[in-house]
Structure formats: C-alpha cells, structure tokens
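Owing to the predicted nature of the structure, the values given are computational and were not obtained by experimental measurement. Residue numbers begin at 1 in each chain, while the letters A, B, ... track the order of the sequences.
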Number of protein chains: 2
Amino acid sequence: MAKQTIPNRIILPEEQIPRQWYNIRADMKDAVPPLLNPGTREPLKEEELYPIFCKALAHQELDDATRFVDIPEEVYACYKTFRPSPLHRAYRLEQLLDTPARIYYKFEGNNTSGSHKLNSAIAQAYYAKAEGMRGLTTETGAGQWGTALAMACAYFHLPLTVYMVKGSYEQKPYRRGIIQTFGAEIIPSPSDTTNVGRAILAEHPTTTGSLGCAISEAVEKAVTTPDTRYVLGSVLNQVLLHQSVIGLEAAAALALVDEYPDIVIGCAGGGSNLGGLAAPFLRDKLTGKAAPRILAVEPASCPSFTRGKYVYDFCDTGKVTPLAKMYTLGSGFIPAANHAGGLRYHGMSPILSKLYHDGWLEAVSYEQTAVFDAATTFAKVEGILPAPESSHAIRGAIDEALKCKESGEAKTILFGLTGTGYFDMMAYEQFLSRTMTDHVPTDEELAENFPED
Amino acid sequence: MAKQTIPNRIILPEEQIPRQWYNIRADMKDAVPPLLNPGTREPLKEEELYPIFCKALAHQELDDATRFVDIPEEVYACYKTFRPSPLHRAYRLEQLLDTPARIYYKFEGNNTSGSHKLNSAIAQAYYAKAEGMRGLTTETGAGQWGTALAMACAYFHLPLTVYMVKGSYEQKPYRRGIIQTFGAEIIPSPSDTTNVGRAILAEHPTTTGSLGCAISEAVEKAVTTPDTRYVLGSVLNQVLLHQSVIGLEAAAALALVDEYPDIVIGCAGGGSNLGGLAAPFLRDKLTGKAAPRILAVEPASCPSFTRGKYVYDFCDTGKVTPLAKMYTLGSGFIPAANHAGGLRYHGMSPILSKLYHDGWLEAVSYEQTAVFDAATTFAKVEGILPAPESSHAIRGAIDEALKCKESGEAKTILFGLTGTGYFDMMAYEQFLSRTMTDHVPTDEELAENFPED
C-alpha cells in the first residue's frame, strides 16, 4: 500500500469558499418542466410567486439561464463562520472493508444546526431581510430545517415563526429548545393561529399533526401577515442552487489531492443535498468533460425515484402549492409508521427528477435496518455519528466499495455526509435493541396515493 | 476599523498537530505535592497505582520531570481524524459587545463526543490496549466522558464498561444511545454487579445513584477483573498532559496571525480543559518569556477555587482513592439540586491548584443564570450552541471584553470552548422559560463538608 500522503481531512482555506452558486439548469439541454399554476395549469410567472417567496428567491426559482449567481457579501460573511466544510478521506472505513476503493465524504454536520440545511437557510433569510421583510414562517418535522433557519434568522435579526408538527414538538424537547435558543417562536401544529389549524382542531381535537398541515399553516400565516414570507428547506430549485457550495468545495478539495470521483453518492429525500453535492460533477457529465456515475440513495419505505411516477403533482399534502413535474408517490403518501430513517418527502426535486428521467443519474433504495447497520459501522471506525438520512449515502458507498473489492478496481468514491444524528438516538436505540423493523410498501399500497398521469 | 484579514476560523494543517504532549510540571519551580497513600499517608509509588491504572499512565501520573512526551503513532493517527481543532475569531461577538478587544476561542466540540474529553480518552485507551488489557471501566454522569471513551475504545477494539449514574441513565436516553452505538456496555449505577453497588441497593433500593457511587463501582470492577483497568476523564496529571494538545495548537494558530493572548480563559471543573489550553502560556509565564493572565471560571454553586481549601483530600466521595493536595470543597460536597451548569466536581486538578496557590492563575465564579445568558448570546451571534460548562468561559471572556470597552484597551482574549450543548437542552429550556434559579452555598453549608486541614 502506498504511504499515506492525503490528509484525513482536507479543509480548503477560507478564501476558497465559492463566490458564486452554480445553477445546473443553465447546462441542461432539455429544460426542467415549469411549475404550473394549480388553478389554470399554465406555467407560473415570477410575480405569481411573490406572495409566498420574496422577489429575489422567486426569480432564482424560475431562472434556468444564469449559470453562476453571485453569493451576496452578507451571505458569504456568514458562510465563513462554518465553511469550508471538511472533506474527509475515510481511511479507516476503507481498511475495515479491505477495499481498493478510495472513499471520500464531504461532512456538512459541523455546524450547530447539524446539517447542510444551513447553506440555504442563510441565503433565504438574507434575501428576505434585504427586501425589508419583517418575518418568516416555515414548518419543521424532525427539526433540522427549523434549527438551521432559526440560526440564520438570528444572524440577520429576522423574526421567525416555526410550525412544528405537534407530535415532534412533544417528543423532541431538545430540538424545540435549540430552536427557541436562537430566538424563534415555535407553534405546535395544528394550532389556533390559522384558519386551517382551527378547522383541523375542530374536527380532530387530539391529532398530533402532520407535515402537510404544518406547511399549510406556515403558508397561510405568511400570506396573511404583512411583510412576511414563507421559506422551504428542500425540493425547490433555489435550494439546489444554494446547496451547490457543497459540490463546488468538494470538487476543489478533491482537485487539491489530484482526485476526481468515479462515483458521487448522496441520500435523496427532497434532493437538496444530492443536487448540491453532485452539481459540478453533473455539469462535467452534461458538458461531456467527464462521466462520473451519480447515485441517489433513498429509503425503501419512501421510494420516490425507484418506484414513483414522473408526473405533475402538488408539493404539499394540502394541495395549495404550485404543481411540479417530479418523481412522486402522490402528495397524500406518508411513509409507514415504523419508518425512522428520515427522507420522508413524497416527491423529489424537479431538477433531479428531470435528470433521472433522462438517464444522468441512478437511484437505489435500502431498507432502514441496512441503513442503520451502515451508520453504526461508520460511527465506530470514522468517529462521527451520522444522521439517519446521511446514512443512506454511507450504505450506498459501502456497497460500491465492496463491489470494488470484488472487481479489484481502485475507484474514487465521493459521498455526502449531510449531518449528525444527535437527535435521532431513539431510532439508533431501536436498531441496537433489535426492535427496528422494515417496511416496503406493496404496489397496491403505493397505488392508493399515486397522482393521475 | 482595519480591514478583516484574519480568517474567521484558523485551522492548522494536519502536519502541525503536536507530535508531543507538554508536561507543565517540568517547568514548575515548586513541585506539585505528591499523591498520598490513604492508609500510610506516605507519597505514592508508581507500582501502587498499577492495580488501577496501566503502567504507562501510572508513570505519566507521577512523572514531573519529562518536559515533552512523545505522542504514540497510534494516538496521533486517531487525532488526525478530528484534529487540529479550529481556532475561531469571534468577530460577531466583538461587534455585538462593541469592544476593542480581539476575542479568539479554541473550539473542541467538532467531534462526535462533543468535547475535548476525546483527547485524553484516546491516549488512555491506547496505552491500555498496548499493555494487553482486555477491558476498561469508567463512570459517567452527564455522559460526555462516557461518550468520548466509548469512541476511543471502539477505535482500539477494547471492551468498555461504563457505570452511568442511574438518574442520568434514565433521563438521558440519547446519551445512553450514543455510548451504546460505539459498542460500550452501560450499567446504571448502583447496580448488582459490584459489592459496593449491592450494599447501596440493599440500603437504598430506590436511589437514583451518584457520581461517587459510580466511581466506586467502576474502580471495584476494574481491580477485580483480570486485565482490566479504570480510567478517569479529568483532574489527573496524565489528563492535563494529554489535553496540552489544545493549548499547543492554539498557540501555533495564534502565532500564524501574529497574535499572543493577554488573557487566557477556561472553565474549570476538574481542570482538564483549562490545564490543557493554558499549558504553553503558563510555560511562558513560568519561564519569564511572557506574562499573560490566566483566568479560571467556575460555578458559584461549586466554587472549589474561589471558596475551597487547599488541603489533602480524597478524589472520590467513597474515599477509596489516593489523597491529593488540591483546592476542595470536601469529597462529600454535592452542588445544590438546582445546579444545571456542570463543573460539579468537589476538587480541582492538583497541578492547577498548586499554580493557583502560588499566584500563577486567577479564578472567578458566576451564578448559572449569568452563564446561560452568555451562552444564548454567544449561540445567536457565533452560531455554535455551547455546553453549559464551556459557557462559563464565555461569560468570563465577555466580561473581560467589556472591561476593555471601558478602558479602551485592545487586548487579545483567548478562551476555551470545550464542547457543544446538544444534550443540555433541558437546562437551556429552564433558562429560556425563566424557571432556572441560582444557588450560592452559605459559609455554613460549605463548612459541613470541608476536610480537615
């Protein structure tokens, strides 16, 4: 074996944080199908998004022409407090697997929010502040996005109201505590602060809520409160744009050690991390410069890529949002109650959906016990406790490395380690005590929620 | 104001992780008073420690002559997975305080154990493994040390049994889950696995345990199990030796930007972090090269430096350990039940105690609401959720920076941010909901536990 010359962690100097985000739509020969107005089924105009998103973000959402978008100075200043994030060489994992593959992972969990979500939260909070907004609303389920946005809003002194699914609110006091520490208001959803919340409470007084209901409340609150907008942490084109910093940094760090990935692997829920990590490598592929494999890993219990349909569907359960063409299980789909592995969204980023449809990326799904098995293995050798979401990518990377062992190929594998699992210990405990179970929906179960073509 | 040229985070290259630990005892003109055998009251010989500590660590514990100790290759390889840790410039905190002071903090929380404890855990696990040990035992209260040691033992494939105070075991399932994920066995203490545990259970069947009892069980288990040793995460001379990597890296990073601290501030419970952070600066002071102020910050509810006595005392509540000369509140002292700020140990590192006694460092104490106020302020501007322990140093640094504002002095302040507060959200919630209270023990309360001179 060659002497180890590549460091365990490659951390770019501060001045190499990207100055621009990369918009992959500018390099896609076939355009991403437009968002549709749910009433008219006509392509949405930018102005139609203004009541929900601030103008700069509405523009970014629809802009498929600008290849590079300048990162505002204020956003850059904030990125500098936690970026560049480290690119790790997984020496000990390679050793354990006895693989000739070289495994790298870009770790986005070393900030207090614990995940990559902060990259977009800062951008979205900044633009809202710059346009004179006096408040933001959002929803949060597990709490990762709520934490990231609370941090971003504290940074820009912008009031934030988070509708947190009531069940999570009650079961996750730690998450609640962090969000409140950063000064955000948290309202357990459904609540009596919105019409939709009051209606649901009247009908189901003891409900523990749902993400769909929390989204509806956050949107209603935003559009009925002056100078207030709604923000979302994944799926959207603007979010993939902001998350491109992950991939741009990863590409620069790999170049420093003369590496280029044969395979890029990311977990996929709404697609924000995979879209960001893979962006520059997909660009190389779209422009014919290189041909890396891009692999999305999703839960078998919420298999939008591998078993969903590529059709127009609502982005939310309440069916109040625009329609997006995407791989979807139907906006009414909810993963089985035993699913603890995250990545629960029914649809998938329209950008990634289009690329997948056109054959630019692959997808694979795993059951959650296989994912937690990879997570605990990884934690022991690499010393980082991964989030269940991130652990899908770990599972994918381990299996690709084991294939290399069989074939004897010394491939370069890059995967995204999106965050830490400190708040997912109940799921880890289920796995360790062997009470965690898997659930793969049957075709009949999936058919119940499928949207019409 | 000058243009910002110093980065937000100064991260040394991997090859600048120190190759040697620094042993401050070699530069102390007056020796640290020796540990005493509790039976004979004679200075302890190295061999007398062998039943508890492995030989290399027993040697380090008593060696006050070797100035620099080589870091074993295996330990160094593990340090490289999470070190060097970043030195942050607190630009936004400075701006908020409107102070001319330049504030730096060395952040040790960016590893899964969430604190600096990992630096010594790895060393202690390595030496035990190298001497052929087949297991380690320890105790943990809040769980930080237990997590760090579980990670270290997973790294070296060494079985670990953690006696966790039963109250914490039941209230902190997340901590328990992390420790188990790294493969350690956790036993709620008191337990029926030791004589001392069985005796306590017989007398108090419903007790939720105490740190003193957990220590006694861990020690008994180690000395009665073949090839098994006991390890401890603070107070000991060997732990301060290992933690010197914090200070050595901090000094090197400051030198990179032409800075030298006027004040070095650390929280102080058992003293492991402050001793490690301050080590090279104390060396400069002891050898007359420089004269930085060194400031220990402790909780007013557990004020060993500021209100304790400098006498020989037991290191544990059960009075089975050697006697150490240290600032102590008495081995029977337990902080008031409302104390949530950490740093609960009754004594203080013998090295730091001697230096404090001789005037080389200062100490100050704060009530916990003042500490959590600093913690939440810091989190909002710096984007890191600090551990309550670390927040004592933040409080101290803020107050020193405010003094600079009054005097107009542009001092350089360095403080240690030992870890993150993810598992302390209940305390944060108490603070945010204004149900947190302070308690300063009266002289009479302290007198109850004071050891005899």
Nearest 0.5 angstrom please: [X] [atom1] to [Y] [atom2], how far?
X	Y	atom1	atom2	result
A/Phe372	B/Thr181	CZ	OG1	9.5 Å
B/Glu14	A/Ile10	CD	CD1	9.5 Å
A/Thr112	B/Lys380	OG1	NZ	14.0 Å

Go through [options] and name the one with the most non-hydrogen pairs under 4.5 angstrom from chain B.
options	answer
A/Phe431, A/Phe182, A/Phe82	A/Phe182
A/Arg176, A/His88, A/Arg175	A/Arg176
A/Ser433, A/Gly109, A/Pro173	A/Pro173
A/Arg83, A/Arg89, A/Glu382	A/Arg83

- Message: Please output the residues of residues 146-157 of chain A in contact with chain B, using a heavy-atom cutoff of under 4.5 Å, in numerical order.
- Response: A/Met151, A/Ala154, A/Tyr155
- Task: Can you check whether anything in residues 418-425 of chain B gets within less than 4.5 Å of chain A, heavy-atom wise, and list it by number?
- Result: B/Tyr422, B/Phe423, B/Met425
- What part of B/Pro84 gets closer than 4.5 Å to chain A, counting heavy atoms only: side chain, backbone, both or neither? both
- Query: For B/Leu432, is it the side chain, the backbone, both or neither that has a heavy atom under 4.5 Å from a heavy atom of chain A?
  - Reply: side chain
- Query: Which pairs with one or both residues in residues 368-379 of chain A pass side-chain hydrogen bond (donor to acceptor under 3.5 Å, both in side chains), sequence neighbours excluded?
  - Reply: A/Thr369-A/Asp438
So which part of [X] gets closer than 4.5 Å to some heavy atom of chain B, the side chain, the backbone, both or neither?
X	answer
A/Ile11	side chain
A/Glu429	side chain
A/Asn111	backbone
A/Ile178	both

- Query: Top residue by heavy-atom pair count (under 4.5 Å) with chain A, among B/Met426, B/Gln180, B/Arg92?
  - Reply: B/Arg92
- Note on the structure: Taken in chain and number order and not counting sequence neighbours, the residues that satisfy salt bridge (Lys or Arg N to Asp or Glu O under 4.0 Å) with B/Glu15 are none
